[in-house]
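Please read these numbers as outputs of a predicted model, since none were measured by experiment. Scope of the values below: all heavy atoms of this structure, side chains included, with no hydrogens, waters or symmetry mates.
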Amino acid sequence: MTVPDFRRANFNLCTENPFRLTPPAAQANPNVTSNGDNANAASATSEHSTQYKSTQQNYPDPSFSDIFSAFSEAFTQRKAQGLAFLELTNSELMLIKKSFFVTVFACLAAFAVGTVCWLILNIAIGAILHSVGVSYVIVPLLLLVFNSIAAFCLFKLAQNAFNYLSFSRLIQTWRRVFG
């Protein structure tokens with residue numbers, strides 16, 4: 001087996017693809033030599049033209065009814081795709097609606113349970129203060145001060161969180177990114 005010398009290779013421009021230097025048929029043909037012999041080049045050219053004709057594709061000539069049926073089938077598929085998208089959107093909206101109601105119910109239930117726990121905690125603190133010997137008049141005042149401080153802290157937390165509830169920051173961010 002001899003190793004080909006690529007430094008002395010000659011390339012022919014291919015007619016089937018102008019970006020390919022030699023057609024695949026000529027590359028696979030061992031009879032074509034690149035030593036400059038005109039007889040071999042002429043036989044290679046005639047051989048290449050017969051191979052080119054055999055590899056040339058015959059494109060179909062569709063009738064109007066075939067084109068119309070293809071367009072109607074494409075339209076039917078596109079319409080089914082759109083309906084599937086609408087059904088998916090509808091199911092997502094239904095999921096959001098159900099999630100909203102479950103979230104509202106869970107928040108109300110958590111509020112009720114939290115209120116009961118807060119009442120139990122206040123009753124326990126009042127009982128502990130009474131057992132220590134604090135007067136009946138001072139126990140409710142201490143609980144009122146304790147609950148007022150807790151309510152004020154929670155109100156400040158909610159007020160701080162409410163400042164971030166606006167969509168203006170989101171819109172400004174979108175304008176920076178997209179605008």
Side-chain angles (χ1 to χ4, degrees), residues 3-4 6 9-34 40-120 150-179:
V3 178
F6 292 108
N10 292 330
F11 296 101
N12 300 326
L13 187 63
C14 177
T15 55
E16 67 184 40
N17 184 354
F19 300 106
R20 187 183 301 153
L21 294 175
T22 48
Q27 289 177 353
N29 191 355
N31 297 330
V32 177
T33 59
S34 61
N40 286 339
S43 67
T45 305
S46 65
E47 195 173 301
H48 173 264
S49 64
T50 57
Q51 287 177 354
Y52 177 71
K53 289 178 184 174
S54 66
T55 59
Q56 189 177 13
Q57 295 180 0
N58 293 328
Y59 293 105
D61 187 23
S63 63
F64 178 76
S65 62
D66 292 338
I67 294 172
F68 183 75
S69 65
F71 276 129
S72 64
E73 180 66 28
F75 178 74
T76 304
Q77 288 178 355
R78 194 54 90 161
K79 187 171 85 173
Q81 195 176 32
L83 290 175
F85 176 73
L86 288 176
E87 288 178 11
L88 178 65
T89 304
N90 186 34
S91 65
E92 289 293 329
L93 288 173
M94 296 302 286
L95 179 64
I96 289 170
K97 184 176 82 172
K98 288 179 183 178
S99 298
F100 176 75
F101 286 123
V102 167
T103 303
V104 167
F105 176 74
C107 287
L108 290 174
F111 176 75
V113 170
T115 303
V116 170
C117 290
W118 189 255
L119 288 174
I120 291 172
F152 180 75
C153 290
L154 291 173
F155 175 75
K156 282 304 211 182
L157 178 69
Q159 189 178 24
N160 188 19
F162 184 73
N163 290 335
Y164 295 106
L165 195 62
S166 174
F167 282 108
S168 63
R169 294 171 55 103
L170 180 64
I171 292 170
Q172 288 174 357
T173 304
W174 284 353
R175 284 185 183 160
R176 281 188 215 143
V177 171
F178 299 119

- Sequence neighbours excluded, the answer for side chain to side chain contact (heavy atoms under 4.5 Å, CB included) partners of Lys98 is none
- Message: Run the side chain to side chain contact (heavy atoms under 4.5 Å, CB included) test against Asn160 and tell me which residues pass, sequence neighbours left out.
- Response: Asn163, Tyr164
Distance-only check: which donor-acceptor pairs under 3.5 Å involve side-chain atoms of residues 101-116, not counting sequence neighbours?
residue : atom : partner : partner atom : Å
Thr103  : OG1  : Ser99   : O            : 2.6
Thr115  : OG1  : Phe111  : O            : 2.7

Residues 66-76 side chain polar contacts: donor-acceptor under 3.5 Å, at least two apart:
residue : atom : partner : partner atom : Å
Asp66   : OD2  : Ser63   : OG           : 3.2
Ser69   : OG   : Ser65   : O            : 3.1
Ser69   : OG   : Asp66   : O            : 2.9
Ser72   : OG   : Phe68   : O            : 3.2
Ser72   : OG   : Ser69   : O            : 2.9
Glu73   : OE2  : Gln77   : NE2          : 3.4
Thr76   : OG1  : Ser72   : O            : 2.8

- Message: Return the CD to CG distance between Gln159 and Leu154, rounded to the nearest 0.5 Å.
- Response: 13.0 Å
Show every donor-acceptor pair shorter than 3.5 Å between a side-chain atom in residues 78-89 and any protein atom, with sequence neighbours excluded, or say none if there are none.
residue : atom : partner : partner atom : Å
Arg78   : NH1  : Gln81   : OE1          : 3.1
Thr89   : OG1  : Phe85   : O            : 2.8

